[in-house]
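Here is the structure we will look at.
Whatever order the structure lists them in is the order used to number ligands and atoms, beginning at 1.
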Amino acid sequence: MAAVETTAAKPAVPFMLGLLTGGEDGCAPQLVTGRCQNCGAYSFPQREICAYCGPGPEVSRVTLSGEGVVYASTVVRVPSSVGIKSPYCYGYVDLVAAPLRVFALFGGECLPPPRPGTCVRLVTEPLCSDKAGQMLFSHRFVPVPTGGESA
Ligand SMILES: [Zn+2]
């Protein structure tokens, strides 16, 4: 019997490689960051050269959990050049696990964008399709539900 071509959707692939680990089988995704072995500064995405020390010290790969607090946020009301539909929200998140401020999209139904001080967690969500129709996913931060807070 001949193999049957399926019409099932192709699995999504990351928009950019090397940013995340985990995220499958119910495991929470984690951010792949770099940490300078000289000054301890973190980087995301992971740098090969420390922004503070320059060439020389090793920058180690460190995975960090995706819990954080919104530092700043805004909404964009025009589509992005890579195909992200508008409106969408992005901003900066201060990670809980390390002194690192991460630039990222906010996911889910994030209108209005989460306010500074909002607790968020890392998820992966579809971002856009490439020219071949391949669905690409990306990391995003979504608000953590809190008890007793009205929407
Ligand atoms: Zn350094």
Side-chain angles (χ1 to χ4, degrees), residues 10-149:
K10 294 182 243 177
V13 298
F15 179 76
M16 187 180 294
L17 295 173
L19 300 181
L20 303 174
T21 186
E24 305 95 14
D25 301 326
C27 294
Q30 294 191 308
L31 294 170
V32 175
T33 72
R35 187 171 192 204
C36 174
Q37 292 304 295
N38 182 50
C39 73
Y42 287 87
S43 56
F44 178 79
Q46 179 183 359
R47 292 172 164 264
E48 293 184 22
I49 297 172
C50 177
Y52 304 98
C53 300
E58 179 187 351
V59 176
S60 302
R61 179 183 190 265
V62 177
T63 58
L64 297 175
S65 70
E67 284 79 37
V69 178
V70 175
Y71 173 76
S73 62
T74 191
V75 60
V76 178
R77 298 189 185 280
V78 294
S80 80
S81 60
V82 298
I84 304 171
K85 293 178 180 150
S86 64
Y88 62 93
C89 299
Y90 70 87
Y92 288 94
V93 171
D94 290 333
L95 296 183
V96 171
L100 179 62
R101 184 167 290 156
V102 175
F103 177 81
L105 292 165
F106 294 111
E109 301 299 322
C110 272
L111 281 178
R115 293 176 157 189
T118 301
C119 293
V120 291
R121 67 181 175 87
L122 185 69
V123 299
T124 57
E125 290 186 352
L127 180 69
C128 59
S129 298
D130 65 13
K131 290 179 180 172
Q134 175 69 59
M135 179 55 68
L136 307 175
F137 71 86
S138 168
H139 64 288
R140 297 186 186 221
F141 287 90
V142 296
V144 175
T146 56
E149 185 177 298

So CZ of Phe141 and SG of Cys89: to nearest 0.5 Å the spacing works out to 14.5 Å

Tell me, do Thr74 and Tyr90 make a side-chain contact under 4.5 Å, heavy atoms counted? yes

*Do Leu105 and Leu127 touch side chain to side chain, with heavy atoms closer than 4.5 Å?*
yes

Contacts table for residues 57-73: side-chain donor-acceptor under 3.5 angstrom, sequence neighbours left out:
from	atom 1	to	atom 2	distance (Å)
Ser60	OG	Gln37	NE2	2.9
Ser65	OG	Glu67	OE1	2.9
Ser73	OG	Pro114	O	2.5

Salt bridge (Lys or Arg N to Asp or Glu O under 4.0 Å) pairs touching residues 134-145, sequence neighbours excluded, are Glu125-Arg140

In short, salt bridge (Lys or Arg N to Asp or Glu O under 4.0 Å) pairs touching residues 79-102 with sequence neighbours left out are Asp94-Arg101

Note on the Zn ion (ligand 1): protein N/O/S atoms within less than 2.8 Å are Cys36 SG, Cys39 SG, Cys50 SG, Cys53 SG

